[in-house]
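This one's a predicted model, so the numbers in the text were calculated from it and none came from an experiment.
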Amino acid sequence: MSEGKIFIIGLPRTATTSVCLTLLGLGYKTAHTVYTEKAMTQATVQADTPIFCDYQQLDMLYPHAKFIYLTRDFSDWLPSIRQLLSRMLVNLLRDDGGFNPLIKRCYLEIFPELSAENIASDDYLIKCYLAHQNAVEAYFNNRVGDLLTLDVSEKDSFAALLSFLNIDDSVHQNACFEHVNIGGKVTAWNQVKHANKIESTQAGRVDKIWY
């Protein structure tokens, strides 16, 4: 089993919650979103904001970490990310509150010039997706052992994850990723009760970035 940090750097709506739930069940302390230094320190597995945006800084902070980049077919990802961004738009753009600064910075960096019109455009969303993907691939070029690219819908994806993390797959024969957050829902992680789940905030409070 991998003992260092594991950062899931796929964009939202690429099955980050499913992978987090899987790793939680495999015994890893896991945080889906990380907004405090305490969460960053305690959680072995980390995903979503700010991880998908700040993976290069985290790589320097944790030089022995492993990274999992999640991909998803555009036919599935586009309607899902469009629905999510549409729900988030007002709170991402407002300057009198809304989401915490970490969420705003990360989303607006990955989705620049965010607007309702751009959210409605497949070309815009695909351009943002590919820009992130190309940056990940360029950064991890020639570092095969550090990065796993994974599409959880593929037949051998679960076995590939176990192999990447040096977990004996004979103990998990026929296992697969759980399909959660169906129908546009994004609350599955909030409902999880598990000893290895690490809370993203400190009683609702967030820290400024410390790295």
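For Ala31 against Cys20, the heavy-atom pair with the smallest separation is O-SG, 4.5 Å. In terms of heavy atoms, Ala116 sits closest to Leu89 at N-CD2, 3.6 Å. Of all the heavy atoms in Ala39 and Glu199, the pair that sits closest is CB-O, 3.4 Å. The minimum heavy-atom distance between Thr16 and Gly10, with the atom names listed, is CG2-O, 3.9 Å. Taking every heavy atom of both residues into account, Ile51 and Ala47 meet most closely at CG1-O, 3.5 Å. Scanning all heavy atoms of the two residues, the minimum distance from Ser157 to Glu154 falls at OG-O, 2.9 Å.
Between His132 and Tyr69, the angle of the ring planes lies from 30° to 60°, which puts this pair in the tilted group. Using cut-offs of 30° and 60° for the angle between ring planes, the Phe74 and Trp77 rings count as tilted.
The CD1 atom of Ile198 lies 14.5 Å from the OH atom of Tyr28; values are rounded to the nearest 0.5 Å. In this structure, OH on Tyr35 lies 7.0 Å from CG on Leu102, to the nearest 0.5 angstrom. Between atom CG of residue Asp156 and atom OG of residue Ser163 there is a gap of 11.0 Å, rounded to the nearest 0.5 Å. Taken from NZ in Lys104 to CG in Leu114, the straight-line distance is 12.5 Å, to the nearest 0.5 Å. In this structure, Thr22 OG1 and Leu162 CG are separated by 9.0 Å, a value rounded to the nearest 0.5 Å. The CG atom of Asn100 sits 10.0 Å away from the CZ atom of Arg105 when rounded to the nearest 0.5 Å.
Side-chain contact check for Thr30 versus Asn196: every heavy-atom pair is 4.5 Å or farther apart. Leu93 has its side chain within reach of Leu108: a pair of non-hydrogen atoms, C-beta onward, lies under 4.5 Å apart. Using a 4.5 Å heavy-atom cutoff, the side chains of Ile8 and His32 are not in contact. Inter-residue side-chain proximity for Leu147 and Ile9 is flagged as met; some heavy-atom pair is nearer than 4.5 Å. Between Pro112 and Cys128, some side-chain heavy-atom pair lies under the 4.5 Å cut-off. When side chains are defined from C-beta on, Leu165 does not count as touching Leu26, because their heavy atoms never get closer than 4.5 Å. Taking the side chain as every heavy atom from C-beta outward, Tyr107 and Leu84 approach each other to under 4.5 Å. Between Leu24 and Val45, every side-chain heavy-atom pair lies at or beyond the 4.5 Å cut-off.
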inquiry  = Test side-chain contact (heavy atoms from CB on, under 4.5 Å) on Leu130 and Gln133; report intermediate values, then the result.
reply    = CA-CA 5 Å; Leu130 292 177; Gln133 182 181 68; 3.5 Å; yes
ask   = For Leu11 and Ile81, what are the C-alpha separation, side-chain angles and deciding distance, and is it a side-chain contact (heavy atoms from CB on, under 4.5 Å)?
value = CA-CA 9 Å; Leu11 291 180; Ile81 193 65; 6.0 Å; no
key: Chi angles and distances behind the side chain to side chain donor-acceptor pair (under 3.5 Å) call for Asp73, Ser75   = CA-CA 5 Å; Asp73 189 271; Ser75 64; 2.4 Å; yes
task = Report the C-alpha distance between Asp59 and Tyr139 in whole Å, list the side-chain angles of each, state the deciding distance to 0.1 Å, and finish with yes or no for side-chain contact (heavy atoms from CB on, under 4.5 Å).
result = CA-CA 10 Å; Asp59 183 37; Tyr139 184 77; 2.6 Å; yes
key: Derivation of the side-chain contact (heavy atoms from CB on, under 4.5 Å) call for Val152 and Phe158   = CA-CA 7 Å; Val152 301; Phe158 197 94; over 6 Å; no
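Other residues, nucleotides and ligands place no more than 12 heavy atoms under 6.0 Å from the NZ atom of Lys38. Within 6.0 Å of the CZ atom in Arg205, the count of heavy atoms belonging to other residues, nucleotides or ligands does not exceed 12.
For Asp207, the salt bridge (Lys or Arg N to Asp or Glu O under 4.0 Å) test picks out no residue, with sequence neighbours left out. Phe7 is linked by a ring pair (Phe, Tyr, Trp, His ring centres under 6.0 Å) to Tyr62, Phe67, counting only residues two or more places apart in sequence or in another chain.
Salt bridge Asp122/Arg82: present, at least one basic N to carboxylate O contact under 4.0 Å.
Between Ser153 and Asp151, the side chains place a donor N or O and an acceptor N or O closer than 3.5 Å (distance only, hydrogens not considered).
In this structure, Thr49 contributes its side chain and Ile103 its backbone to no donor-acceptor pair below 3.5 Å. At distances below 3.5 Å, at least one donor-acceptor pair connects side-chain atoms of Lys5 with backbone N or O atoms of Ala43. Side-chain atoms of Lys66 come within 3.5 Å of backbone atoms of Gly145 as a donor-acceptor pair (strictly under, hydrogens ignored). Formation of a donor-acceptor pair under 3.5 Å by the Arg72 side chain with backbone atoms of Ala15 is not found in this model.
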